[in-house]
Protein chains: 2
Amino acid sequence: MTVDPLENLPGYSLRRASAASMAKLARRFAALDLRPTEASVLMVVDANPNITQSEIGRMLDVASANMAPLVSRLAERGLLERQPVDGRSHGLALTRTGSVLTTKVKKTATEHERDLLRKITPAQRKVLLAILRKLWSDN
Amino acid sequence: MTVDPLENLPGYSLRRASAASMAKLARRFAALDLRPTEASVLMVVDANPNITQSEIGRMLDVASANMAPLVSRLAERGLLERQPVDGRSHGLALTRTGSVLTTKVKKTATEHERDLLRKITPAQRKVLLAILRKLWSDN
DNA sequence: TATTGTTATACTCTATAACTATA
DNA sequence: TATAGTTATAGAGTATAACAATA
């Protein structure tokens, strides 16, 4: 029989759990013609009207070089509008269309979390968040 | 002040924790001129001499179309050898060089897990593995 | 018919370097 | 000098389609 030498490694399980979760989430967001990162940007702008691109990047840990085309696509689709804050940065806000879509995004995200958490007990849910946050907040 | 609407979503924390962990692991494996997936294949072959490519793919959830170039690179580097099992599949085994390198891979993986787990308590470690396995083993 | 392995191709996310313009 | 934003480019992982050879 075959042996999986990785199955007892928490780091590897973390990777597999995340990959499985993200693949499912990507399929859900595809119904809204959005990729997961695009959906996350919409949610952040929704919660923080007039936030700048660089602030979003720091919050989501997306490099500025990767934020540029991401925001451009959302703006070209008429989901976001840019209003100048000073000479170099722009505040981002959802358009009417973007706001409607983001409502669906939030519903999709909630469904996804529900499906994910359905697999574990309520006690485990509390522990899980605390652990995960520690794993990546430290550094 | 800005608000992070994603920070309380376990699915998002899972993604961030995994991404942070994998980025660090990739930097470690780069010192061995290996990518994480290549390293994982070496570990699986090490634990299962004569395993076939398709069996590895099923174990690690890597599509056969992606296993082909992966194994080819490792074979071209002289880390793996293929011996025919039947007319269509080959058993994979580590070469002497591959075996030496895999010893370093396992050491690196162990160090990585130690660093990761250093951030959480022993009690949390036990819970974490159980939860993660449930999150992706179900489907 | 199902499985193994392969090639070609595309998509998503991420990373780096180099640059312009503004603070 | 530091920051905001941009462009170009590359790497890594993953996904689909189509195919040949074998079981």
Side-chain angles (χ1 to χ4, degrees), chain A residues 2 6 12 14-30 32-41 50-76 80 82-92 136, chain B residues 2 6 12 14-30 32-41 50-76 80 82-92 136:
Chain A
T2 56
L6 306 172
Y12 183 72
L14 189 61
R15 172 165 152 60
R16 288 292 295 270
S18 172
S21 165
M22 288 308 297
K24 191 173 277 186
L25 184 58
R27 282 194 295 275
R28 287 183 186 272
F29 281 139
L32 304 178
D33 195 19
L34 287 173
R35 297 173 296 183
T37 35
E38 292 174 332
S40 67
V41 167
N50 254 53
I51 193 172
T52 66
Q53 195 167 312
S54 54
E55 287 173 320
I56 299 173
R58 279 189 293 271
M59 187 180 285
L60 301 181
D61 195 27
V62 175
S64 63
N66 298 323
M67 283 299 302
L70 214 174
V71 168
S72 287
R73 271 196 305 271
L74 296 174
E76 277 165 23
L80 288 183
R82 304 184 234 213
Q83 280 149 359
V85 164
D86 60 22
R88 60 183 173 178
S89 52
H90 298 257
L92 302 179
W136 67 268
Chain B
T2 55
L6 306 171
Y12 183 73
L14 189 62
R15 172 165 152 61
R16 288 292 295 271
S18 172
S21 165
M22 288 307 296
K24 191 173 276 186
L25 184 58
R27 281 194 296 274
R28 287 183 186 272
F29 281 140
L32 304 178
D33 196 18
L34 287 172
R35 298 173 294 184
T37 34
E38 291 173 333
S40 67
V41 167
N50 255 51
I51 192 172
T52 66
Q53 194 167 314
S54 55
E55 287 172 321
I56 299 172
R58 278 189 292 271
M59 186 180 286
L60 301 181
D61 196 28
V62 175
S64 63
N66 298 323
M67 282 300 302
L70 214 174
V71 167
S72 288
R73 271 196 305 272
L74 295 174
E76 278 165 24
L80 288 182
R82 305 185 232 210
Q83 279 150 0
V85 165
D86 60 25
R88 60 184 173 177
S89 51
H90 298 257
L92 302 178
W136 67 268

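Every heavy atom of this structure was used, including side-chain atoms; hydrogens, water molecules and symmetry mates were not. Quick note on labels: first sequence line is chain A, next is B, and so on, each numbered from 1. All values reported here derive from a predicted model rather than from experimental measurement.
Under the side-chain contact (heavy atoms from CB on, under 4.5 Å) criterion, B/Ser72 pairs with B/Glu76, B/Arg82, sequence neighbours left out. Under the side-chain hydrogen bond (donor to acceptor under 3.5 Å, both in side chains) criterion, A/Asn66 pairs with no residue at all, not counting sequence neighbours. For A/Glu38, the side-chain hydrogen bond (donor to acceptor under 3.5 Å, both in side chains) partners at least two apart in sequence or on another chain are A/Arg35, A/Arg73. Residues meeting the salt bridge (charged side-chain N to carboxylate O under 4.0 Å, His left out) test with A/Arg28, sequence neighbours left out: A/Glu111, A/Asp115. Applying the side-chain contact (heavy atoms from CB on, under 4.5 Å) criterion to B/Asp86, with sequence neighbours excluded, gives B/Arg88, B/Ser89. Every residue two or more places apart in sequence or in another chain that forms a side-chain hydrogen bond (donor to acceptor under 3.5 Å, both in side chains) with A/Ser54 is listed here: A/Thr52.
Among the heavy atoms of the strands lying under 4.0 Å from A/Arg82 are primed sugar atoms or P, OP1, OP2 only; no base atom is included. Within the 4.0 angstrom heavy-atom criterion, only backbone atoms of the sugar-phosphate kind lie near A/Ser54; the bases stay farther away.
At whole-Å resolution of the value, NE2 in A/His90 and P in D/dT3 are 19 Å apart. At whole-Å resolution of the value, CE in A/Met67 and C1' in D/dT7 are 16 Å apart. Between the P atom of D/dA15 and the CZ atom of A/Arg27 lies a distance of 8 Å, rounded to the nearest Å. Atom C1' of nucleotide D/dA2 and atom CZ of A/Arg58 are separated by 12 Å, given to the nearest angstrom.
Across all non-hydrogen atoms, the minimal contact from B/Trp136 to A/Ala20 is CB-CB, 4.1 Å. Between B/Phe29 and B/Pro36, the closest heavy-atom pair is CD1-CA, 3.9 Å.
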Protein proximity profile, nucleotides 16-23 of chain D - base contact B, sugar-phosphate-only contact S, no contact -, cut-off 4.0 Å on heavy atoms: BB----BS
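Contact footprint of chain B on DNA chain C: nucleotides with an atom under 4.0 Å from a non-hydrogen protein atom, first to last in 5' to 3' order, C/dA2 to C/dT14.
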A/Leu60 and A/Val41: side chain to side chain contact (heavy atoms under 4.5 Å, CB included), yes or no, with the steps? CA-CA 8 Å; A/Leu60 301 181; A/Val41 167; 4.1 Å; yes
Audit row: B/Ile51, A/Thr2, side chain to side chain contact (heavy atoms under 4.5 Å, CB included) steps and yes/no: CA-CA 8 Å; B/Ile51 192 172; A/Thr2 56; 4.1 Å; yes
Protein and nucleotides 10-12 of chain D: nitrogen or oxygen contacts under 3.5 angstrom:
residue, atom, partner, partner atom, Å
D/dA12, OP2, B/Arg35, NH1, 3.3

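Mapped onto DNA chain D by nearest heavy atom, A/Thr52 and B/Leu60 fall at different nucleotides, with A/Thr52 at the one closer to the 5' end. Checking A/Ala23 against A/Ala68, the closest nucleotide of DNA chain D that is more toward the 5' end is the one next to A/Ala68.
Close to D/dT14, at under 4.0 Å from its OP1 or OP2, lies a side-chain N or O of A/Arg15.
Between A/Leu14 and B/Leu14 there is a side-chain heavy-atom pair separated by less than 4.5 Å.
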